[in-house]
Amino acid sequence: MDSPFSEYLDSGYNPSDAEIPLIKALIQQKVDDLDGIDKEIKEIENSLAALKARRKANKIFIRKHGALIAPIKRLPPDILSTVFLACLPVIESTEAAMTPNHPAVVISQVSRQWRQLAFDTPLLWARIQLILPYVNCDPYYPPYYPANDEPDVSSEVASLFDSVVQRLFNTTTIWLARSKGCPLSIFMEASEGASGGFIPSQLKTLEGSILVGLGKLVDLLLNESKRWEQVRFKIALTSNNPTSQLDRLLLLTPQDVPILRKASIVINPFDAPEGPLDPSLGLEPTKVWDGVKMGIIHGQALRSLTLACPKAATKLKVLQVNWAGLTELSLRPYVWGPSGRRGGSHLTADEALTLLRLCPNLKRCSLAIGNGTIPWETPPTIWNPTPPPVAPPQDRPVCRLPHLHSLALREDSRADSLASALDLPSLRSFTQNCSIFWPRPPPEGSIPHYSYPEEERWQSEIPLVEWVQRFGHTITTIDFKHVGVPQHAVEKCLEDLPNLISLTIRSPFSESWNSSLPWGVASACDSFLERLTPKVIEDGDTVTVTPGFLCPRLEDLSLNSFLDSVPVQLVFNEASVLELLTGRVKASMKTVAEVSRVSKLRYVSIGFVKPRAMDIQQELSRRGLNPEGFVGEWSYPAPPRPRSYLQTPHINDSTMDELLVSDSYMYD
C-alpha cells in the first residue's frame, strides 16, 4: 500500500514530532478500513452458512424422498424376508451371538414395517447360540487361601457366572418364542468344571453354582427338543456323574428328537488320562465311558453325524445309529482334559471298514485311523522318527461306497492303508493328514543307515501313494499334510493325478532342511515349482507348450506351511513363483492349441523365503499378463524361534473379568 513513509519501513528511522500525528492518522484510516472488511467477511460468512444450511436441507429432502421409492421397499414381503435370512451368520461365529448386534435384532429396529416382518419370519430367530464362559482362576497358580477379612472370590465369580446365565436364559426365551414352531439349529459350548486358584471348598461351591446355571439352560432346550433339526454341542464333562447337566442333552431318546437331521458332538472328558493311549500300559479310559448311550443320535432322520469323544462311547454295539441313512460322517480325535492334547486315533483300519460297510450312502466322510498308540499332535521325534513296520493286512472284502465324493483321513504313519479295501467310483476330493514325524537327512556325503529293511521304504514312500495309484484317475482335489515327505515322492503322486484341479500341501519337504542350518531356516523348494511350470515356446502367432509338466488342469494351488513344530517351512523364491504364474498364464491363452492348453489359475497361495521385493500381480501386468479373476495370496515365515516343546504359560491379570475365560483348549 502507498505511504509517504514507505522508504522508512522496516528500518531504524526515528520520526519527528511533526510526523507522528500524520502516522497516527494513517493508522486510524486503515483501522477503519479493516472494520469495514470484517463486516463484509461476516456478511459473506453468514451468506455461506445460509447456503450450506439450504444445501443440507435439500440433501435431506432428496434422501428422505428417495427412500420412499427405494427398490427394497417395493419388494414383496416374501422376497424381503428371504433377504433377511441371507443376512444370518454361521451359527458358530461371534456375529451369531444373541446380542443387540445380531442381524435379526438390527433388522427389527429399522422401521415399524421391518420389525413386524422380522417377527413374522420365525426362521430369523431359529438359530440358538449358547456359549458359556469357562471358569478358570488361572490354572498355573496354586490354590489361594484368603485371610479372614478378604472376600470369598468364588462367590464373586459365581455371581458373575449367574449373571451371564440369566442373560442367556432371558435371550433364549425370547428367541424360542419368536421362532414359533420352526425347526431349530442349536450351538452350545459349555463346561461343567472349574479350575485354578480356588481352595477345594470354594471350588466345590463354585461347581455347584455352575451346574445350577447349566441346568436352567438345559431345561429350556429340552422343552423344545422335538424342534431340534441341527445341533452342535462342544461340552466338557465327567462321565457317569449323577449331578451332570450337560449329559442330559445326550441321553435323549429318538422320540425326543424326531426331526434331528444333523448332529455334531465334541466332548472333552475331564477324567481322561494325561498320557498316550497305549493299551499295553492300560491307560485307555474304556471303563468310565463304556456303555454311555447317546440316544440323541439314534433317530431315523439323522443324515449328518460328527463325533469327537472317547472311543469307548462310540462302540458300534452301543451306538444304534441309522448308519444306512447317513450321508455325512466324521469321527475325530477328542481332547484330553485341561492340557488340550488330542486323543489317540479313533479307529483301527479294520474298525473303520466295519463302520463304512454300515454306511452305503455316505457322500462325505472324515475319519481318524491308526493303531491308537500315538496321540495326535505329539511332538515329532527328530533323530529317530521311523516307526516299526506294520504287519501286512489280511485279505479284506472290498467295501463299495458308490456315492462318496469327499474323503478326509487322519492317519498315523504306521496305519495300514484302507485304499486296497475300498471301491469309491465317485471320489473327487481326498484329504490326508499324517501324524508328524521328521526324517533327519543324513550328513552330506554319507550313506544312509537303516535299522531294518522296511525303514528305507518308510523314508521314501508316503501313505498318499497307494490312494493315488488306486483313485488318481477320479480325484480332482488333493489336500495333505505329511511333514518331512520327500519331494520326489510328491511329484510321483502328482504324475498319477491327470485331472487334478485343486492342490493343497500343508507340510515342508525333507529336502528343505539342512541340519547345519538354524531351526526355522529353510532352502527354497523352487525345483518343485519348476515341475508345475509349463515351458512355452512362442514363434510369431504360433504358441507351443512343451509337455512333461505336472497338473495341466490345475486351477487352485496352495503351498503354505507355517508350523511351530517343524524345523523348516515350505517356502519359495519370488522369481520361481513369477515364472510359474507367467508360464501358466501364457499356456492358458486361446492362441495355444486346445489339445495342449492348460487351465487358468484362479487362486494361488504361496509362502516366500523372505518378505517380497516386488508386487507379483503388478509384475504380471507389466509383462502384459493380467489373468482375469485371478487371486494371489503371499506370505512368509516369522523370524526363527528357539525350538522348545514346553510352552510358557500365559498368566492372566487377577481381574474378576478374567476369572471367566472361554478357553479354546477345551475342544477339538
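Closest non-hydrogen pair, S191 versus L214, comes out as O-CD1, 3.7 Å. Listed here is the closest heavy atom pair of N322 and Q300: ND2-O, 3.2 Å. Among all heavy-atom pairs drawn from L554 and L601, the shortest one is O-CD2, 3.7 Å. Closest approach of S420 to E466, counting heavy atoms only: CB-OE2, 3.5 Å. Scanning all heavy atoms of the two residues, the minimum distance from G472 to P498 falls at O-CD, 3.9 Å. Looking at every heavy atom in both residues, I297 comes nearest to A263 through CG2-CB, 4.1 Å.
Interatomic distance, CG of L418 versus CG of L409, reported as 6.5 Å (0.5 Å rounding). Interatomic distance, CG of L500 versus SG of C551, reported as 5.0 Å (0.5 Å rounding). Remark: I265 CD1 to T306 OG1 distance equals 9.5 Å, nearest 0.5 Å. Note that CZ of R227 is 11.5 Å distant from NZ of K180, once rounded to the nearest 0.5 Å. Atom CE of M188 and atom CG of L132 lie 5.5 Å apart (nearest 0.5 Å). Taken to the nearest 0.5 Å, the CZ atom of R410 stands 12.5 Å off from the CG atom of L347.
Side-chain atoms of T474 come within 3.5 Å of backbone N or O of L427 as a donor-acceptor pair. Of the possible donor and acceptor atoms, one in the side chain of E192 sits under 3.5 Å from a partner among the backbone N and O of L246. At least one donor-acceptor pair under 3.5 Å links the side chain of Q432 to the backbone N or O of L464. A donor-acceptor pair is defined here as one N or O able to donate and one able to accept, closer than 3.5 Å; such a pair exists between the side chain of T348 and the backbone of E351. At least one donor-acceptor pair closer than 3.5 Å links the side chain of S108 to the backbone N or O of V105. Side chain of R232 to main chain of I91: no donor-acceptor pair is present (N/O by atom type, distance under 3.5 Å, no hydrogens or angles). Checking side-chain atoms of N361 against main-chain N and O of T327 turns up no donor-acceptor pair under 3.5 Å.
Side chains of V321 and H298 form a contact here, defined as non-hydrogen atoms less than 4.5 Å apart. Two residues are said to be in side-chain contact when any heavy atoms from C-beta on lie closer than 4.5 Å; L130 and L221 meet this criterion. No side-chain heavy atom of H403 sits under 4.5 Å from any side-chain heavy atom of S426. Between W467 and L422 there is a side-chain heavy-atom pair separated by less than 4.5 Å. Counting only heavy atoms from C-beta outward, the side chains of K481 and T431 never approach each other to under 4.5 Å. The side-chain heavy atoms of L222 and L249, taken from C-beta on, include a pair separated by under 4.5 Å. In this structure, the side chains of R248 and D219 come closer than 4.5 Å at one or more pairs of heavy atoms. In this structure the side chain of L362 reaches within 4.5 angstrom of the side chain of L329, judged on heavy atoms.
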- So R364 and H405, side-chain contact (heavy atoms from CB on, under 4.5 Å) or not? Walk me through it. CA-CA 6 Å; R364 300 174 61 88; H405 60 78; 3.7 Å; yes
- Item | Candidate pair W323 and L305, rule side-chain contact (heavy atoms from CB on, under 4.5 Å), full reasoning | CA-CA 10 Å; W323 300 110; L305 175 62; 4.2 Å; yes
- Take V465 and C493 through the test side-chain contact (heavy atoms from CB on, under 4.5 Å) and record every step on the way to the result. CA-CA 6 Å; V465 170; C493 286; 3.7 Å; yes
- Message: The test is side-chain contact (heavy atoms from CB on, under 4.5 Å); show your working for L252 and W228 and say whether it passes.
- Response: CA-CA 12 Å; L252 297 174; W228 292 3; 3.5 Å; yes
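Residues R553 and N499 bring a donor and an acceptor atom of their side chains to less than 3.5 Å of each other. Side-chain atoms of D256 and T253 include a donor-acceptor pair closer than 3.5 Å.
By the neighbour-count criterion of 12 heavy atoms within 6.0 Å, atom CZ of R178 is densely surrounded, having more than that number from other residues, nucleotides or ligands. Within 6.0 Å of NZ in K216 there are more than 12 heavy atoms belonging to other residues, nucleotides or ligands.
Partners of A177 according to the side-chain contact (heavy atoms from CB on, under 4.5 Å) rule, which considers only residues two or more places apart in sequence or in another chain, do not exist here. Residues meeting the side-chain contact (heavy atoms from CB on, under 4.5 Å) test with P258, sequence neighbours left out: K226.
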Extract all donor-acceptor atom pairs below 3.5 Å that involve side chains of residues 119-127 and protein atoms in other chains or at least two apart in sequence.
| unit_1 | atom_1 | unit_2 | atom_2 | d |
| --- | --- | --- | --- | --- |
| D120 | OD1 | Q116 | NE2 | 3.2 |
| D120 | OD2 | Q116 | NE2 | 3.3 |
| T121 | OG1 | L117 | O | 2.7 |
| W125 | NE1 | A118 | O | 2.9 |
| R127 | NH1 | P89 | O | 2.9 |

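In summary, of the residues considered (E328, R261, Q230), a side chain to side chain donor-acceptor pair (under 3.5 Å) with S304 occurs for E328 alone.
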